[in-house]
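Report on the following structure.
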2 protein chains.
Amino acid sequence: MAGTRLDPIDRKILAELQADGRMTNVELAKRVGISAPPCLRRVRTLEESGYIRGYHADVDSRELGFEVQVFAMVGLNSQAEADLSAFEELCRCWSLVRECHMLNGEVDFILKCVAPDLSTFQSFLTEDLLKAENVASVKTSLVIRDAKDEPGVPFDVLEERISRNA
Amino acid sequence: MAGTRLDPIDRKILAELQADGRMTNVELAKRVGISAPPCLRRVRTLEESGYIRGYHADVDSRELGFEVQVFAMVGLNSQAEADLSAFEELCRCWSLVRECHMLNGEVDFILKCVAPDLSTFQSFLTEDLLKAENVASVKTSLVIRDAKDEPGVPFDVLEERISRNA
DNA sequence: CGTGAAACCGTCGCCCC
DNA sequence: GGGGCGACGGTTTCACG
């Protein structure tokens with residue numbers, strides 16, 4: 001459950017599995033310095049307690065034909081909780097929207113979208129997003145190129161922080 | 001290599017491994033309807049040809065203590081290629097910056113950052129990002145909550161597109 | 001792409017600290 | 001409580017048809 005404190009071995013396990021999610025358990029055990037059975041037990045515990053939400057292959061979207069990546073800034077007319085939730089539920093249904101984050105400040109949401117080409121994205125934009133209930137404004141920015149795209153968290157920052165507070 | 005056309009079984013493999021990167025090869029083979037050895041050969045080919053870039057455990061950043069997630073819009077003074085590259089290289093060195101995408105339009109880059117707390121982020125912002133060479137303006141937006149955060153691509157869009165063009 | 005075989009791995013029960 | 005040892009069943013990964 002949440003709040004369970006992690007020891008250094010657990011954090012090493014998380015860091016290793018974040019870097020290579022298909023590592024075998026024996027290899028993982030070797031790297032973190034314990035034998036396989038307790039290592040597997042720890043992994044299962046981390047999965048069940050929610051520290052590990054799942055494992056995903058990182059597929060190359062552009063090689064697969066998704067040439068277009070777009071960030072969309074969305075402003076709503078009403079920021080009542082029911083209206084925010086309704087918009088979020090819409091985003092969960094739209095396949096082209098991969099991420100939807102609620103923000104502070106002038107804009108209400110940022111959406112990360114992918115599409116095979118510009119016309120697919122533009123028809124989504126005009127037919128779905130701009131026509132959606134409560135949407136007041138949408139500003140889109142095309143991604144020219146990715147300089148960095150790392151999933152997960154920086155474990156070096158975590159370790160540095162823990163050793164400072166020790 | 002790039003451009004190699006994928007058959008329906010390859011696409012199914014990618015979709016399954018994107019959804020569950022730790023699936024065993026026999027389970028994967030069963031799901032895509034072939035036996036284990038050719039299935040493994042296909043996976044290896046997909047890895048070597050770059051369709052699969054890697055496998056990552058999806059760790060819960062907030063449970064791990066990264067309470068703060070921020071999008072930063074960065075404008076540069078010079079957009080000469082050497083200056084763009086220099087900024088990108090900086091971003092690759094900053095652990096708190098998980099993603100750095102170059103955009104079209106008024107802002108040059110969007111950065112997705114994580115941090116254990118606001119003060120850690122603010123010291124990064126003022127000590128590193130705002131002091132960096134060539135950085136003209138930075139606008140930050142705190143993430144209040146995540147409505148959707150799916151890695152990878154929507155395979156349903158891909159399949160629909162392929163069947164239309166068949 | 002499928003079959004078979006060998007090596008390896010995930011997993012469990014038990015014992016130990 | 002967690003870690004190690006040993007063993008069984010399943011899996012990975014060959015060579016070959």
Side-chain angles (χ1 to χ4, degrees), chain A residues 1-60 63-64 152 155 158-159 162-163 165-166, chain B residues 1-60 63-65 152 155 158-159 162-163 166:
Chain A
M1 44 285 295
T4 311
R5 235 23 228 135
L6 299 177
D7 67 14
I9 295 181
D10 288 321
R11 295 196 300 272
K12 190 91 195 299
I13 288 175
L14 290 173
E16 293 288 346
L17 285 179
Q18 177 176 280
D20 178 6
R22 276 212 104 160
M23 190 181 300
T24 66
N25 183 56
V26 297
E27 172 69 17
L28 179 61
K30 196 190 308 173
R31 293 196 185 208
V32 305
I34 59 180
S35 65
C39 183
L40 186 61
R41 287 196 290 261
R42 281 169 178 267
V43 172
R44 294 283 174 265
T45 304
L46 290 169
E47 289 167 354
E48 282 155 23
S49 57
Y51 284 101
I52 298 177
R53 282 194 289 237
Y55 304 87
H56 305 285
D58 176 16
V59 310
D60 189 317
E63 268 207 78
L64 253 174
F155 279 96
L158 188 64
E159 293 300 334
I162 285 170
S163 61
N165 291 11
Chain B
M1 47 281 294
T4 311
R5 234 23 228 137
L6 300 177
D7 67 14
I9 294 181
D10 288 321
R11 296 197 300 271
K12 190 89 195 300
I13 287 174
L14 291 173
E16 293 289 347
L17 285 179
Q18 178 177 279
D20 178 6
R22 273 205 95 123
M23 189 181 300
T24 65
N25 184 58
V26 296
E27 172 68 18
L28 180 62
K30 195 190 309 172
R31 293 195 185 208
V32 304
I34 59 180
S35 64
C39 184
L40 184 62
R41 285 195 289 265
R42 281 168 179 267
V43 172
R44 294 281 174 266
T45 303
L46 290 169
E47 289 168 354
E48 282 155 22
S49 57
Y51 283 100
I52 298 176
R53 283 195 288 236
Y55 303 88
H56 305 285
D58 176 15
V59 310
D60 189 316
E63 268 207 78
L64 253 175
F155 280 96
L158 188 64
E159 293 301 334
I162 286 170
S163 61

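Throughout, a chain's letter reflects where its sequence line sits, starting with A, and its residues are numbered from 1. These values consider heavy atoms only, across backbone and side chains, with no hydrogens, waters or symmetry-generated copies.
B:E16 meets the side-chain hydrogen bond (donor to acceptor under 3.5 Å, both in side chains) test with B:R31; sequence neighbours excluded. Under the salt bridge (Lys or Arg N to Asp or Glu O under 4.0 Å) criterion, A:R44 pairs with A:E47, not counting sequence neighbours. Under the side-chain hydrogen bond (donor to acceptor under 3.5 Å, both in side chains) criterion, B:D7 pairs with B:R42, sequence neighbours left out. Here B:T45 pairs with nothing under the side-chain contact (heavy atoms from CB on, under 4.5 Å) rule; sequence neighbours left out. Under the salt bridge (Lys or Arg N to Asp or Glu O under 4.0 Å) criterion, A:R11 pairs with A:E159, sequence neighbours left out.
For DNA chain C, the neighbouring residues in residues 22-34 of chain B, judged by any heavy atom under 4.0 Å, are B:I34.
Heavy-atom minimum distance, A:R22 versus B:L17: NH1-CD2, 3.9 Å. Residue A:K12 comes nearest to A:V32 through the heavy atom pair CG-CG1, 3.6 Å, listed as atom of the first residue, atom of the second, then distance.
Residue B:R41 is classed as a base contact, given a heavy-atom separation below 4.0 Å to a base.
Legend: salt bridge (charged side-chain N to carboxylate O under 4.0 Å, His left out) pairs involving residues 32-41 of chain B, not counting sequence neighbours: none detected.
Chain B approaches DNA chain C within less than 4.0 angstrom (heavy atoms of the protein), and the contacting nucleotides run 5' to 3' from C:dC1 to C:dG4.
A distance-only check finds a donor-acceptor pair linking the side chain of A:N25 to the backbone of A:A36 [under 3.5 Å]. In this structure a side-chain-to-backbone donor-acceptor pair under 3.5 Å is missing from B:H56 to A:G21.
Rounding to whole angstrom units, CD1 of residue A:I13 and P of D:dG2 are separated by 12 Å. Following rounding to the nearest Å, A:L40 (CG) and D:dG10 (P) show an atom-to-atom distance of 17 Å. Atom CD1 of A:I9 and atom P of D:dG1 are 17 Å apart (whole Å).
One finds no side-chain N or O of B:R44 lying less than 4.0 angstrom from the OP1 or OP2 phosphate oxygen of D:dT12.
Taking CD1 of B:I13 as the start and CG of B:L46 as the end, the distance is 6.0 Å to the nearest 0.5 Å.
Base pairing in DNA chain D yields stems of at least 3 consecutive Watson-Crick or G-U pairs, both distances under 3.5 Å, namely C:2-9 with D:9-16, C:11-17 with D:1-7.
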